[in-house]
Every structure is written in structure tokens, then in C-alpha cells.
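Note: hydrogens, waters and symmetry copies are ignored here, and every other heavy atom, side chains too, is used. What you are looking at is a predicted structure, and each value in this text was computed from that prediction instead of being measured. In what follows, chains are A, B, ... by sequence order, proteins preceding strands, each numbered from 1.
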Amino acid sequence: MPATPLPEITLEHPQNPEHGDYASSLPLKMGRAARMAPMAIAEMVTELLTQIEGVERVSVAAPGFINFFLTAEWLTRQVDDILSAGEAYGNLDLGQGSKVQLEFVSVNPTGPIHVGHGRGAVLGSVLANVLSVAGYSVEREYYVNDTGNQMDAFYRSLHCRYLQALGRECEMPPDGYQGSYLVELAQEIISENGDAFLAVPPEEAIQEVGKIGLQKTIAAIGADLESLRVSFDVWFSERSLFENNQYERAMALLRDGGYIKEREGAQWFVSTALGEDKDNVLVRSNGIPTYFASDVAYHYNKFLERGLDRVINIWGADHQGHVSRMKAAVSALGIDPERLGIIIAQMVTLSDGKLSKRSGQVITLRHLVEEVGADACRFFLLSRSADSQMDFDLELAKQQSADNPVYYVQYAHARIASIQRLANERNIDCANGDAGLLTTDAELSLIRRMVLLPEVIELVARNLEPHHLPYFAQDLATAFHSFYKQCRVVSDDEALTRARLKLVDAAQIVFAKALGLMGMTAPEHM
RNA sequence: GCGCCCGUAGCUCAGCGGAUAGAGCAUUGGUCUUCGGAACCAAGGGCCGUGGGUUCGAAUCCCUCCGGGCGCGCCA
């Protein structure tokens, strides 16, 4: 065979079990360069392969695949490996302890959060779980936009509602928040502080009332997210960027790099110099920095002050246009833009309309969680790739409780717990069980599913695609239920009972791990 | 007009360079009901939006067009 550069050697899982547990299409890939028939290469490579541990046989299949079949011994040995790894099963060292920050949700604190925000929340929290388990040092952060135009509008709107609630005349600002939320918030403030702010000068009152409202709103958002089991390590204040000179330093860096030009009284980031379509305003002609300027300072802070190795932001589809200029800004700060990952989560629509923050009827996240529960909520919001728009049919989700895939998966875990209870009652100890006694297709198929967990974790961590997790869990549950139907665990055959109990214990570890990574409960009873 | 995302089974979506395109729900028919039936088994159902191209091989990569969503502000 002529010497040729070797293509990347990849293995895949054939979808047809007859093609083995692993397969390689290497011969097909190198057929042309080697000027040989792929089948001949496959034959040759196969003959050269020495005994591989755990591989029962290697076969060649047209038009040039090499198929690998695992031995039952190797598979059953994994049961013991999983048991000894315990909760740590599937953990990886991909990250090697490097510091990665996930910033997600970060909704403006001007009202309750909605279903669409819930998607980013679940995506972020699951990604954080997976990355931690994959060897990264993970930090979850919520960026609080507590300054700027929208905050100003929020303050004025709230103050206005406050006055109205106390019977005073006040016209809502044109860019104000019209929703009923602020009416209720004003009412709450009155019940706690009375009309105390009527006595202070209006501009001062706006600030006082606004600050109270802001704190309450942030707390409410935090509580809503907690109900979905989403939490953060850091709530980072945008305002602090200005108070701690982060903004000044970031702008100085850009200026030194020649990335800031003054034009029409405003200061522009010349992103066109970095291949962008247009420049972007950093400081308006009225001297007030834009949100973009804050964000530049924020990323300056993340990378240069806090020394994060990697930053992942999860944004809604409406922020798509912001992606490339943010990357440009990061590289202008002298940071490799590869270190910044941005996940755009496409919109979530509801059966009765699209989510919108300021217009009329909208389903809050809290309402959704109350209706369908955190587990189902998380599973559903997770089950679609972030790139795809998602249709969340509230009615269906409510009715679906019995046929819901989430229960299907959790039921498998509960069934295992039930088997274990029975084994406990009968004082069966499987510690010295021999997993090698597991030989049926149902048993081995279950093991084949179980051992995929590390691969799934790696896939999710590498591609930042948590949606693979629910699919894995479902497939695992299918394999388990099928096993359960075919194989009686606690039986008269003591040796087999102990072997199957081991399998069941190991399966429980895998279920618990998968459910845990998804932030779902792993119930013992249902 | 420009940018990004999506168009795969009746519905909601996986698969994103490999061997007969998958799952859930829905439909139809079976199992059985001694460890929890919230279960299992099986069937039907698809020119993978269109037309080209690259490749030994394309749902997957490139281009055209069509359809849908989101952006394109000295808003965030």
C-alpha cells in the first residue's frame, strides 16, 4: 500500500446493531489517496489489528467499513466499574480545572420573567452542571442591568404608579412599563412604606422608590428562577462597572488601541476596522454610555480583571445582532475571541401566542412552573436544540402529565428503587454478585446504553448542547423498561438475582446522574 | 435590502459526511398484569422545502430560490 497521509481516525456507533458496537469508515476515507479498493484496505487493516481488549471480533463490511464487536465480558465488567465509580461515573477531565463562566438569563429587572427566559435559564444551569462534571471550574452569573435608559424608565414608571396609587395625578412616561406588575409593586411599597415618598422632592423620590422596586424585582426574579431550580453564584451589577472604574479602564484600552473615534459628538467603536458592517456608538453625544459600552466593560472585567479562561453567554434570539460586535470588541481588548462563546437560544412560542415583555397577556415562568412542575418544565425546555425555535404548548404540557417523557424516565428510577426495597426486605446483598452472569440481550443492551453516559457528557460539554441529555435519558429508560419486562430481578436463582441487582444498582447510578445533570429529581416513589 | 436561526413521519422534534433516516405524541393491533401497567411488543406513516454543485458516499458541506422566526437605533 502506498504511503499516504492518514485521515483522522474516527469511530462511530452504527445505528444497526448488526454492524457492531463501533465502526470505522477509515478505509473509505483513504481509498482514493491510497489508490486501493476500500474493501482491500479494510481487510488489510483488520488483519494487522492485534487482539484488542474487550473486542470480541472485528469484521469487514461493504463498501469498506470495519466493525468492532464488544465482548459480553467487557460489557458486564462495566457494571462493576460503574458501581465503584458511583456518583462520579461519567466525570471527565476535559476542562482540567480551567475557569469557565456561564452568564445567562440576565433579564432586565423590570418585571417578572417569562417562559422564553426560562429556556435560557435551564440551558445555562444544565450546561453549568455538565461542565463542572467535565472538569471545569464553573461560575454561574446573572448580569443585572441596574442602570441605563430602561432602568430610568422603570424608575419613573414605578414612581408614577406610586403616585397614582396614592390618588395623585401622574402621566406614565411614553417609554414606560405599562404592565400591571408595576401597579402591584407600587401597592406593595405603599403597604410597607406608606406615603413617605410624597414628602421628598420628586427626583429624589423617583430614585428612592425605584431602588426599592429594583431590589424587590431582582428578588422576585431570583425566587422565580429558584422555583425552576436555577441558581447563580454571582449577581453582577452593571452599575458597579462604573463605580469601580471598569468602564474607564476598558475604554482606555480601546482608545489606546485606536479603536475609538469621535464623530457627530459621539464616541464610536470602530468595529469596521475589525471587519464589521458598521461602527457602534459607545458614548452618546449627550455623554451617556450605551449598553454596548457597559458590555465591553463587563467583558473587560470578566477576562482581564477576573482572569476567566472562558466565558459563555446565553442570549435570546433578539440579541443575535449583538454577537459579532461583542466578539469584535473582545478582540479589540486583546483577547482571543475564541474564548468567548455565545449561545443564542431561539424563541419559545406558546400555543396562545408569542412571548413579549411589555404587551398584554403573557405567561410568566412562575405560572408555568406552578402548572407543569419544575421537572417537566426543565425537561421540555431542554429537549430542543437552542438553534431551533420551540413550541411550548401549555395545554399539552399540562395534560401530558401521564404520558410525559419525564415521567417515563423518572418511573424507571422509581422502579429500581422499588426493586431495591424488595431485595432489602429479603436481605439480599449483591456485593459479591457476579455481573458476568448477565448474558441476555436485554441485559447487555441496557449496559450498552449505560456506558454511553461519558460520551454524552463529553458531547454536551464540547458542543455546548445540553439537549442530548434528555434523549439519552429516554433511550436509557427504554432499555431499562425492556429489561425489566424480560428479566425478573429478584428470583429463586440467588446468583442471578445478585448479578441482576448489581446491574440495577449500576443503572440507578446512571439514571440519577443523568437526571441530576438535568436538574431533575430522581424519585424513589411516584 | 443585509445578517443570524429554522424548514425531516399527522403533530413536536432528534440526527448534521457514511451502511435500510430515528424518537415521543397521535393512529391501529397485540402482550399481560407474581420486583410498581406511569410498562412491554408490533404495524402503518417520509422524493429529509426547491433546484443545482462538491464527494466513492449528502438530511448532513457549498450556491440559488421558496416559506417561517429574530435582528439591523446616539434602545437594551
On RNA chain B, check which nucleotide each of A:Pro289 and A:Gln420 is closest to and give me the residue with the more 5' one. A:Gln420

Within residues 455-472 of chain A, the residues having a heavy atom closer than 4.0 Å to RNA chain B are A:His467, A:His468, A:Tyr471

With a 4.0 Å cut-off on heavy atoms, is A:Ala386 in touch with a base, just the backbone sugar-phosphate, or nothing at all? nothing

Between the main-chain N or O of A:Pro523 and the side-chain N or O of A:Thr521, is there a donor-acceptor pair closer than 3.5 Å? no

How is A:Ala423 classified with respect to the nucleic acid when contacts are heavy atoms under 4.0 Å: base, sugar-phosphate, or nothing? nothing

Does A:Leu422 reach the side chain of A:Glu425, with side-chain heavy atoms less than 4.5 Å apart? yes

Rounded C1' spacing from B:U60 to B:U54 in Å: 13 Å

For B:G3 and A:Gln320 - does any side-chain N or O of the residue sit under 4.0 Å from the phosphate oxygens OP1/OP2? no

Using a 3.5 Å distance criterion without hydrogens, assess whether the side chain of A:Asp279 forms a donor-acceptor pair with backbone atoms of A:Ser271. yes

Of the listed nucleotides B:A39, B:C6, B:C75, the one nearest the side chain of A:Arg284: B:C75

Pair A:Glu103 + A:Lys302, salt bridge at N-O below 4.0 Å: yes

Checking contacts here: which listed nucleotide (B:A14, B:U20, B:A76) is nearest the side-chain heavy atoms of A:Glu18? B:U20

For B:A39 and A:Tyr407 - does any side-chain N or O of the residue sit under 4.0 Å from the phosphate oxygens OP1/OP2? no

Ignoring backbone atoms, establish whether A:Ser383 has a side-chain N or O less than 4.0 Å from OP1 or OP2 of B:A14. no

Which is true for A:Tyr484 with a 4.0 Å heavy-atom rule: it touches a base, it touches only sugar-phosphate, or it touches nothing? base

What's the gap between B:G17 and B:C5 when it is taken at their P atoms, as a whole Å value? 15 Å

Between B:C40 atom P and A:Gln474 atom CD, what is the distance in whole Å? 11 Å

A:Lys29, nearest nucleotide to its side chain (from B:G73, B:G18, B:A38): B:G18

Between the side-chain atoms of A:Asp391 and the base atoms of B:U12, is any donor-acceptor pair under 3.5 Å? no

Would you please determine if the base of B:A19 is stacked by A:His19, with stacking meaning a centroid separation under 5.5 angstrom and planes under 30 degrees? yes

Just call it for A:Asn67: base, sugar-phosphate, or nothing, with non-hydrogen atoms closer than 4.0 Å on any strand. base

Which residue, A:Val490 or A:Gln346, contacts RNA chain B at a nucleotide closer to its 5' end, judged by nearest heavy atom? A:Gln346

With no hydrogens and no angle check, just 3.5 Å: does a side-chain donor-acceptor pair link A:Gln246 and A:Tyr298? no

Does B:A38 have OP1 or OP2 sitting under 4.0 Å from an N or O in the side chain of A:Arg415? no

Which nucleotide, B:A76, B:G18, B:A19, lies nearest any side-chain atom of A:Asn145? B:A76

Which stems does RNA chain B form, counting runs of 3 or more consecutive Watson-Crick or G-U wobble pairs with both distances under 3.5 Å? B:1-7 with B:66-72, B:10-13 with B:22-25, B:27-31 with B:39-43, B:51-53 with B:61-63

Would you indicate which nucleotide in B:C35, B:C32, B:A76 comes nearest to any side-chain atom of A:Lys485? B:C32

Looking only at the side chain of A:Asp318 (C-beta and beyond, no hydrogens), which of the listed nucleotides B:C70, B:C74, B:G36 gets closest? B:C70

Ignoring hydrogens and angles, are the base of B:C74 and the side chain of A:Ser285 linked by a donor-acceptor pair under 3.5 Å? yes

Has the side chain of A:Asp175 got a donor or acceptor that lies under 3.5 Å from a partner of the other kind on the base of B:A76? no

Can a donor-acceptor pair be found, under 3.5 Å and without considering hydrogens, that links the side chain of A:Tyr142 to the backbone of A:Val107? yes

Out of B:A19, B:U12, B:A76, which nucleotide sits closest to the side chain of A:Pro14? B:A19

What's the closest nucleotide to the A:Ser25 side chain, out of B:A39, B:G18, B:C74? B:G18

Respond yes when some side-chain nitrogen or oxygen of A:Asn286 is under 4.0 Å from OP1 or OP2 of B:C74, and no when none is. no

Nearest-nucleotide pick for A:Ser385, side chain only, options being B:A76, B:A39, B:A14: B:A14

Listed nucleotide nearest any side-chain atom of A:His481, set B:A39, B:G73, B:A19: B:A39

Please check if any side-chain donor atom of A:Asn313 sits under 3.5 Å from a side-chain acceptor atom of A:His319, or the reverse. no

Pair A:Tyr181, A:Thr110: side-chain N/O donor-acceptor within cut-off below 3.5 Å: no

Answer with yes or no whether the side chains of A:Gln150 and A:Asn145 bring together a donor and an acceptor at under 3.5 Å. no

Is A:Phe65 stacked on the base of B:A19 when the test is centres under 5.5 angstrom and planes under 30 degrees? yes

Please report the C-alpha distance between A:His322 and A:Asp295 in whole Å, then the side-chain angles of each, then the deciding distance to 0.1 Å, and finally whether the side chain to side chain donor-acceptor pair (under 3.5 Å) criterion is met. CA-CA 10 Å; A:His322 193 52; A:Asp295 231 4; 3.0 Å; yes

Side chains of A:Glu276 and A:Ser324: donor-acceptor distance under 3.5 Å anywhere? yes

Between A:Ser482 and B:C41, is there a contact of a side-chain N or O with OP1 or OP2 at under 4.0 Å? yes

